[in-house]
Amino acid sequence: MIPFVDAARGGDHMTVTGSCSRIAVVGYGYWGSKHVRVVSSLRDVAVTVVEADEQRLSEAGAHYPAARLCRSLDEAIDDVDGVVVATPAGSHVAVASAALRAGRHVLVEKPLTTTVADAEMLVDLADRSGVHLMTGHTFEYNPAVWKLREIVRSGALGRILYIDAQRLSLGRYQVDVDVVWDLAPHDISIVSFLLDEMPATTSVWAKRNVGIRHSDVAHLRLDFPRSRTHAFVHVSWLSPRKVRTVTVIGERRMAVYDDISDNERIRIYDIGVDPATVDDGSGAHGLPMTYRTGDITSPYVPFEEPLLVQDGHFVDCIRGDAACRTPGRRGLDVVRVLTAADRSMTTGLPAEVTPALDDATRISAAAS
């Protein structure tokens, strides 16, 4: 298996080598506060919190007295090496482009941007500026997802018939994006990571049940021609239970990744179904099947907080100690899928995902 953690563990903190790195976290909301917590735990890292809201900035100062506090990125940009963008999705391009133009390395929360053109612009700007643009696809830094990828790639499940992903909860309605743009990037990232392939087409059903702006429940179908399989993604802001599962159905075995589980985040089921030969035509009204049942196993997966691994990796990239695993082009790929999903919602028909580069080559390179 590819080594998962780039930074070594030291006590209760992630250790990163080299001199002190200065990181600005822009936005101290739900995800921004998590980034500040994680980055503050990294050794040899100085944190600046950038937040226009006075109450939130005061809260950050109370919780992290060692952090520098700024009301705008302009105040902080000259004194930082890297910028974490944890603002609402619609503002990602403005904040990230300002940091990239200043020659700073940038990590952007998902989705990278809300349009393909903006994502392409950021990727090009990072290339021209000679700095890292990293996408916050946190689950690609999750050891359970890496273990599931290893299981899929080993062939232990047999040919993958389909993948089913569910990301459901009650709430966190967003102002500037719908439930697809808010939640589906995680599962598009996970499934394409497992298969080493981006989908070629997508079909979407979505509905707004509450409010006046955005759909809050959706089902997506993603088609993967090289892998000869499909993935089905169900996302919702309107569910009584919090569900975070990915089920991989193979010809030989099946595997379930449950991110909510405390101790068995991956289960492998040695079960399956085979069609039986019909010798008597009179029995053809009921399709005869052979059911295989066997053991259920749960491989050991050591816990590492994915956000901690991701942000530690970002610092390593800044210092030149690692090659970025989720570069901006990876984020651009996911934005292309989301944009195709929008077209499918508008037309009611499957929509083609326009690829930018060779997908399998890029995803495999990011994972190595």
Side-chain angles (χ1 to χ4, degrees), residues 1-6 137-167 186-200 220-234 243-277 287-306 309-310 325-326 330 333-334 358-368:
M1 181 179 178
I2 299 168
F4 183 77
V5 180
D6 290 314
H137 291 165
T138 313
F139 283 90
E140 293 188 42
Y141 297 88
N142 187 316
V145 174
W146 276 80
K147 173 58 73 172
L148 183 58
R149 183 177 189 266
E150 178 186 335
I151 292 167
V152 170
R153 289 168 61 86
S154 74
L157 306 181
R159 185 173 72 85
I160 305 305
L161 302 179
Y162 72 91
I163 298 176
D164 181 80
Q166 297 187 72
R167 192 166 300 273
H186 287 309
D187 296 299
I188 295 168
S189 166
I190 291 171
V191 174
S192 61
F193 183 68
L194 296 178
L195 297 175
D196 281 345
E197 181 184 6
M198 295 303 297
L220 294 78
R221 168 176 162 159
L222 308 173
D223 300 315
F224 297 86
R226 183 175 59 81
S227 302
R228 296 184 299 124
T229 194
H230 315 283
F232 304 92
V233 177
H234 179 197
V243 179
R244 300 284 187 271
T245 60
V246 176
T247 302
V248 183
I249 305 298
E251 281 186 320
R252 294 175 56 195
R253 294 181 181 85
M254 306 177 187
V256 177
Y257 158 53
D258 184 352
D259 192 58
I260 306 299
S261 175
D262 291 332
N263 52 13
E264 292 186 339
R265 283 181 291 161
I266 293 181
R267 283 189 167 193
I268 302 171
Y269 295 78
D270 187 10
I271 59 177
V273 178
D274 295 313
T277 302
L287 182 64
M289 306 297 292
T290 299
Y291 295 89
R292 296 178 285 106
T293 58
D295 294 335
I296 301 173
T297 58
S298 181
Y300 171 70
V301 180
F303 178 76
E304 293 281 351
E305 183 183 1
V309 178
Q310 173 190 275
R325 290 178 177 174
T326 52
R330 184 85 172 101
D333 282 344
V334 172
D358 180 71
D359 300 320
T361 300
R362 180 167 58 257
I363 299 172
S364 295
S368 62

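If you're wondering where the values come from, they're calculated on a predicted model, not measured in any experiment.
Atom CD of Gln310 is separated from atom CG of Asn142 by 11.0 Å, given to the nearest 0.5 angstrom. Here His137 contributes atom NE2 and His186 contributes atom NE2; the two are 9.0 Å apart, rounded to the nearest 0.5 Å. Between Ser261 atom OG and Arg244 atom CZ the span is 14.5 Å, to the nearest 0.5 Å. The CE atom of Met254 sits 5.0 Å away from atom CD1 of Ile271, with the distance rounded to the nearest 0.5 Å. The distance from atom CD1 of Ile266 to atom CD1 of Ile151, rounded to the nearest 0.5 Å, is 4.5 Å.
Inspection of the Asp164 and Tyr162 side chains reveals no N or O donor paired with an N or O acceptor under 3.5 Å. Between the side chains of Thr326 and Glu140, no donor-acceptor pair of N or O atoms lies under 3.5 Å. Side-chain polar atoms of Thr293 and Tyr269 form no donor-acceptor pair below 3.5 angstrom. A side-chain donor-acceptor contact under 3.5 Å links Ser192 and Arg330. Judged purely by distance below 3.5 Å, without hydrogens or angles, the side chains of Asn263 and Tyr300 never pair a donor atom with an acceptor atom.
Contact record, Arg149 with Asp196: NH2-OD1, 2.7 Å, taken as the closest heavy-atom pair.
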Asp270 and Arg253: CA distance, side-chain angles, deciding distance, salt bridge (charged side-chain N to carboxylate O under 4.0 Å, His left out) verdict: CA-CA 5 Å; Asp270 187 10; Arg253 294 181 181 85; 3.7 Å; yes
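Looking at Phe139 and Trp146, their side chains never come closer than 4.5 Å, going by heavy atoms from C-beta outward. Taking the side chain as every heavy atom from C-beta outward, Arg267 and Thr297 never approach each other to under 4.5 Å.
In this view, Asp223 and Arg221 satisfy the salt bridge (charged side-chain N to carboxylate O under 4.0 Å, His left out) rule, not counting sequence neighbours.
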